[in-house]
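Order of the sequence lines fixes the chain letters, A, B, ..., with proteins taken first and strands second; residue numbering starts at 1 for each chain. FYI, side chains are in, hydrogens and waters are out, and symmetry mates aren't considered; it's all heavy atoms of this structure.
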There are 2 protein chains.
Amino acid sequence: MNDLAEFLEGARHWRVRYHARQVIFDEAEPSNAVFRIETGCVRLQIIGESGRRQILGFLFAGDIFGVCAPERITAAEAVTDVELMRYSLESVLQLSSKSRELTVELIRAANRLFNDVAHHLEHVGHMSATERVLWFLTWLAHRQGRGTGETVSLPMTLRDVGDFLALTPETLSRVLRELESDRHLSRRGRGAFAIRQPSFALRMLESGSEPMASPTASVKTVSQNKNSEELIHRQVRLDR
Amino acid sequence: MNDLAEFLEGARHWRVRYHARQVIFDEAEPSNAVFRIETGCVRLQIIGESGRRQILGFLFAGDIFGVCAPERITAAEAVTDVELMRYSLESVLQLSSKSRELTVELIRAANRLFNDVAHHLEHVGHMSATERVLWFLTWLAHRQGRGTGETVSLPMTLRDVGDFLALTPETLSRVLRELESDRHLSRRGRGAFAIRQPSFALRMLESGSEPMASPTASVKTVSQNKNSEELIHRQVRLDR
DNA sequence: CGCTTCTTTGAGTGCACTCAAATTGAGTGG
DNA sequence: CCACTCAATTTGAGTGCACTCAAAGAAGCG
């Protein structure tokens, strides 16, 4: 699944558990471990100067997080009860001294976070509330391997989703109700839903926060047509 | 200045130049070099699915960028004419096989990007237009080593700033005019300004997108003990 | 069963948006 | 050097979306 995971098996590690809402590590804390999620959901977040929380991402089984040195950039908290595999950062770094591939994988892991939050920023900056919600729900369904009409569980609260998408819970609630009345969505109890018409929403996922996904050719074409400045810039490119 | 810079001197490198608005590297391109800015200004950016450009950061002399493998996450374009030092990624990776410290520095470099864009996201999601502009101008002044009343040059266009802050050029222009009439700002020609009252704006810079800055002590202390949910209600709103 | 937290719904408002057009400035070629 | 062109910026008018404030209902948890 993840190449990094194989490398990590060579490092000192053991299983750890956290209950929902426990802090796994905190911002600015010394970084001494890398984690891999066995079961459950984890969120990465920061607290802004104004005291507001910005959730940077939700992680699920198989995801690796905490590749960071020497201090934590974000906090990590358990959304649900979680089982994690904890790898000593010290021994991971020792391993990387012997393996160029592992070094590349570590950089890649750090870059993935950057990639995700960069596209996240682009979405928050330019998408309407409805688009953001649809993007999130579609991403979530995709992460859980669910297709059209299949039930997707929503392990986090609306407030979590709001702090992820930079929306208030009120707005979120209203958007969900409207999506439901428009037949884009059907809700199955409190913490579950199903997407009825993911067709156009799915396109959003093709590029963006997917793991290291390169922008698709179609996206590039569109962006070149829509943004003449960019087109011009690409054309005048010279090597030297 | 930057520890990474010293390590890089051991790698194969040479000087390169780009003219303003030339592409240094593009999204999804194979990554084969790390750069250090000698003079000028560079922007990192992505093009969203909708064709909109999101600028993730502006870089200046001394900054290192392009630590990325195996493919580029962002594009890098010259804002002004720039002189860069170009380091072969291949030889950097070879060096890192022999130096644990270099590996840590590479991870740190990748994490810095993540840190910056994470706080950027928090700002775009929760700040008003005026706050964002003030934050940006204060950051820019700080980067150029300019204090209150000193002239700061603005090497990029308002459109660039808008694509960075997720604001339209129109809004940006209006905000600048209001800041000027409120005596927070005085403009010195097209591409220059001076901040008159940076006092409260500077507080924003103390944490946030500054290199690896740790959150303020008060926030940190509390968030280590309690989980973050309890912090959310402590919202201190900055007055315009 | 009482408490807290989460969610929903309503009413009203303000900020940043879009659309449109004028003006300024920079760059280019005659 | 000057006219010309195009991009960048400014200004105005109007609007809609997501916000705040407020309060009621629903769900989890002891």
Side-chain angles (χ1 to χ4, degrees), chain A residues 19-21 50 52-53 79-81 123-134 136 153-181 185 187-193 226-233 236, chain B residues 19-21 50 52-53 79-81 123-134 136 154-181 185 187-193 226-233 235-240:
Chain A
H19 289 117
R21 285 171 304 182
S50 58
R52 288 178 184 269
R53 177 179 66 166
V79 173
T80 63
D81 290 353
H123 290 150
V124 167
H126 299 304
M127 277 182 174
S128 71
T130 303
E131 287 170 323
R132 279 182 252 177
V133 170
L134 224 33
F136 174 72
S153 72
L154 195 74
M156 67 291 292
T157 65
L158 283 197
R159 196 164 92 179
D160 280 345
V161 178
D163 285 347
F164 179 70
L165 297 178
L167 294 172
T168 61
E170 294 96 323
T171 297
L172 222 36
S173 177
R174 283 183 246 270
V175 167
L176 288 174
R177 187 162 56 79
E178 203 193 21
L179 285 176
E180 203 174 5
S181 69
L185 197 72
R187 282 193 270 184
R188 311 263 166 94
R190 258 229 182 195
F193 65 94
K226 285 211 166 190
N227 193 329
S228 60
E229 185 192 287
E230 293 309 313
L231 178 58
I232 291 167
H233 290 173
V236 294
Chain B
H19 289 116
R21 286 171 306 185
S50 59
R52 287 178 185 267
R53 177 179 68 165
V79 173
T80 62
D81 290 353
H123 290 149
V124 167
H126 299 305
M127 278 183 174
S128 70
T130 304
E131 289 170 324
R132 279 182 252 177
V133 170
L134 225 32
F136 174 72
L154 196 74
M156 67 290 291
T157 66
L158 283 196
R159 190 166 130 194
D160 281 344
V161 178
D163 285 347
F164 178 71
L165 297 177
L167 294 172
T168 60
E170 294 95 323
T171 298
L172 221 37
S173 176
R174 284 183 245 270
V175 167
L176 288 174
R177 187 162 58 77
E178 205 193 20
L179 285 176
E180 204 175 3
S181 70
L185 197 71
R187 281 193 270 185
R188 312 262 165 95
R190 249 211 196 210
F193 66 93
K226 313 285 182 177
N227 88 39
S228 63
E229 315 233 331
E230 301 170 30
L231 281 176
I232 294 164
H233 298 297
Q235 292 172 3
V236 185
R237 225 158 141 64
L238 297 168
D239 33 16
R240 31 174 24 340

**Bending between helix ends of the helix from C/dC1-D/dG30 to C/dG30-D/dC1 [5 pairs per end, 10° resolution]** = 50°
**Prompt:** What is the distance, rounded to the nearest whole Å, between atom CZ of A/R21 and atom C1' of C/dT4?
**Reply:** 11 Å
**Request:** Calculate the interatomic distance between A/R132 atom CZ and D/dC17 atom P; express it in whole Å.
**Result:** 13 Å
**Request:** Determine: side-chain N/O of B/R190 to OP1/OP2 of C/dG25, distance under 4.0 Å, yes or no.
**Result:** no
**Prompt:** Taking atom CG of A/D81 and atom CZ of A/R21, what is their separation to the nearest 0.5 Å?
**Reply:** 9.5 Å
**Message:** It should be established whether A/R159 places a side-chain nitrogen or oxygen under 4.0 Å from OP1 or OP2 of nucleotide C/dT5.
**Reply:** no
**Asked** Counting distance only, does the side-chain N/O of B/R52 pair as donor-acceptor with the main-chain N or O of A/M127 below 3.5 Å?
**Response** no
**Item:** Nearest-nucleotide 5' precedence on DNA chain D, A/A129 against B/M156
**Value:** B/M156
**Prompt:** Does a sphere of radius 6.0 Å around CD in A/E178 hold more than 12 heavy atoms from other residues, nucleotides or ligands, not counting ones at 6.0 Å or beyond?
**Reply:** no
**Asked** To the nearest angstrom, how far is B/E131 atom CD from C/dC15 atom P?
**Response** 11 Å
**Interatomic distance, B/L179 CG vs D/dT10 P [rounded to whole Å]** = 12 Å
**Prompt:** In whole Å, what is the span from the NE2 atom of A/H19 to the C1' atom of D/dC29?
**Reply:** 15 Å
**Message:** Using a 4.0 Å cut-off on heavy atoms, which residues in residues 164-173 of chain A reach DNA chain D? List them by number, or say none.
**Reply:** A/A166, A/L167, A/T168, A/E170, A/T171
**Message:** Mind checking if B/R187 touches a base, just sugar-phosphate, or nothing, with heavy atoms under 4.0 Å?
**Reply:** sugar-phosphate
**Prompt:** Can you tell me how far P of C/dA16 sits from NE2 of A/H126, to the nearest Å?
**Reply:** 15 Å
**Request:** Give the minimum heavy-atom separation between B/L176 and B/L185, together with the two atoms involved.
**Result:** CD2-CD2, 3.8 Å
**Asked** Of the non-hydrogen atoms in B/R132 and B/A166, which two are nearest, and what is the gap between them?
**Response** NH1-O, 3.2 Å
**Asked** Are B/H126 and A/R53 side-chain neighbours, meaning at least one heavy-atom pair lies under 4.5 Å?
**Response** no
**Prompt:** When rounded to the nearest 0.5 angstrom, what distance separates CG in A/D163 from CG in A/L158?
**Reply:** 11.0 Å
**Prompt:** Which atoms form the tightest heavy-atom contact between B/V124 and B/F164, and what is the distance?
**Reply:** CG2-O, 4.5 Å
**Item:** Sugar-phosphate, base or nothing in reach of B/R174, heavy atoms under 4.0 Å
**Value:** base
**Request:** Starting from C1' on D/dC19, measure out to CE on B/M127 and report it in whole angstrom.
**Result:** 17 Å
**Request:** Could you check how far CG of B/L176 sits from C1' of D/dT11, rounded to whole Å?
**Result:** 14 Å
**Message:** Could you report the tightest heavy-atom contact between A/P155 and A/V79, atom names first, then the distance?
**Reply:** O-CG1, 3.7 Å
